[in-house]
> 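First the structure, which I've put down as structure tokens, then a few questions once you've had a look.
So that the names make sense, note that chain A is the first sequence line, chain B the second, and so on, each numbered from 1.
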2 protein chains.
Amino acid sequence: MARTQADDYTEKRVAIRQKAAQMFADEGFDRTSMAALASACGISKALLYHYYNDKSELLYDVIAGHLSELCLDVEQADDETLSPNDRLLSLILSLLDAYSHADNEHRVQINALKFLPADKQESLKDMERELVHRFCNAIAATNPKLGANKAILMPVTMSLFGMLNWHYMWFRQSGVLTREQYAQMAMTIITDGTENLI
Amino acid sequence: MARTQADDYTEKRVAIRQKAAQMFADEGFDRTSMAALASACGISKALLYHYYNDKSELLYDVIAGHLSELCLDVEQADDETLSPNDRLLSLILSLLDAYSHADNEHRVQINALKFLPADKQESLKDMERELVHRFCNAIAATNPKLGANKAILMPVTMSLFGMLNWHYMWFRQSGVLTREQYAQMAMTIITDGTENLI
DNA sequence: CCTACCGATCGGTAGG
DNA sequence: CCTACCGATCGGTAGG
């Protein structure tokens, strides 16, 4: 009987992807050689190329897997029956929680997405835009006047993303603040901070 | 008479540094070859090495020049005779203004500082810490209770830096918001947003 | 013995 | 699933 794809093909791809995320995050995309990645995975470089046709496909997979997980988590956390502030808090918490479980992938997304060819970047940026759009709506719900002023709503939303995406640069698990406390702080800064903005 | 160092030695170094900042920002540090940089400067690679002993010295100079300019500008903008809110606004404005005149250098600082050897990173991180410290003090002045709570003051300050350092990712000169308006918005978000935080 | 500058090429390593 | 290679390009340096 002809051999078909190995049963564990997908699992092995996932293992490679996770190791790649770690090395891309630690050393940078350009500085991680395919040979070093293969060695770290305990396989030959030729076998690595059996699972991934080229290096950029691997980078794409790392970021795409991360972003689709992010979109899913945030979508599930988006509960419109909550009060506007609690709804926004739930979104922020789900984002920070997803980041904490995918710290390597998050750093790769932030630092290496630009190394992808333009067309591959676009589908990933679409997912980023979906995330931004969901946060936009939740912020708008906390403040009707702000929600009606798209020209101000966008910079406010990007300010929140700046806070959250910058988080990994300084936040330490062992610090004085828990992730939950920071989520609460970020929510309060955005809602109270924009209350009298317009 | 014996020849000494050319009069325009320093100017030529500056020109090389600025071109390097542009290419490092556009293409990434690792993807900018010394040969391509020399070519863009209209000089030979050997002459490029006459001005800079190696590639990492060039990267260091780009970031160090930017950060020392930043520290200087922000120091001059720090006017303690202003009201606390106006003082913070002045700091934010000077930072965004410096960023706008050194967009390439800013992007290199954010994306490529990690490629420097550890010891060279430290002196640059010292300058970053000096900046953070100045903002910390200004934020503390806007809110006595916050100023007395260092454990909360630090995350608030890092939130502001997240907003400002993320700015280049989405802000466009032609957008609906001017840089001055965004500075005002950032100041308000931080001051109003932290008013009832503790 | 200095600085300024060139064409050619070094030893290693990249992705494939 | 491997070793053996490739075309190209890297950062850096030679002699003059």
> Quick check with a 6.0 Å cut-off and a 45 degree axis cone: is Lys55(B) positioned over the face of Tyr60(B)'s six-membered ring?
no

> Nearest whole angstrom, please: distance from the C1' of dC6(D) to the CE of Met34(A).
17 Å

> Among side-chain atoms of Ser83(B) and Asn85(B), is any donor-acceptor pair under 3.5 angstrom?
no

> Give a yes or no on whether the ring-centroid distance for Trp166(A) and Phe171(A) is below 6.0 angstrom.
no

> dG15(C) C1' sits how many Å from Phe24(A) CZ, rounded?
12 Å

> Please report, rounded to the nearest Å, how far the P atom of dC10(D) is from the NZ atom of Lys55(B).
8 Å

> Does NZ or CZ of Arg13(B) come closer than 6.0 Å to the centre of the six-membered ring of Tyr52(B), within 45° of the ring's axis?
yes

> Under 3.5 Å for both pairing distances: what stems, at least three Watson-Crick or G-U pairs long, include DNA chain C?
none

> Expressed in whole Å, how much space separates the C1' atoms belonging to dG15(D) and dC5(C)?
13 Å

> Report which part of the nucleic acid Tyr52(A) touches: base, sugar-phosphate, or nothing (heavy-atom distance under 4.0 Å, all strands).
nothing

> Could you check, using the six-membered ring where one of them is a Trp, whether Tyr99(B) and His167(B) have ring centers closer than 6.0 angstrom?
no

> Does dA4(C) have OP1 or OP2 sitting under 4.0 Å from an N or O in the side chain of His50(B)?
yes

> Nearest whole angstrom, please: distance from the P of dT9(D) to the CG of Asp30(A).
15 Å

> Could you tell me whether Lys114(A) atom NZ has more than 12 heavy atoms of other residues or ligands within 6.0 Å of it?
yes

> Provide, to the nearest angstrom, the distance between the CZ atom belonging to Arg13(B) and the C1' atom belonging to dT3(C).
15 Å

> Output yes when at least one side-chain N/O atom of Ser44(B) is less than 4.0 Å from OP1 or OP2 of dC6(C), else no.
yes

> Nearest-Å distance, CG (Leu47(A)) to P (dG16(C))?
16 Å

> Taking only the side-chain heavy atoms of Ser33(A) (C-beta and beyond), determine which of dC5(C), dC6(C), dG15(C) contains the nearest atom.
dG15(C)

> Whole angstroms only, please: what is the OH-P distance between Tyr49(A) and dC2(D)?
15 Å

> Step through it carefully: locate the ring centre of Phe161(B), locate the ring centre of Phe135(B), and say whether they are under 6.0 Å apart.
yes

> Below the 4.0 Å mark, does dC5(D) have OP1 or OP2 next to a side-chain nitrogen or oxygen of Lys45(A)?
no

> Report yes if a side-chain nitrogen or oxygen of Tyr51(B) is closer than 4.0 Å to either non-bridging phosphate oxygen (OP1 or OP2) of dC5(C); otherwise report no.
yes

> Measure CD/Glu27(B) against C1'/dC10(D) and give the value in whole Å, please.
16 Å

> Describe the nucleic acid contact of Thr32(B) in one word from base, sugar-phosphate, nothing, applying a heavy-atom distance below 4.0 Å.
sugar-phosphate

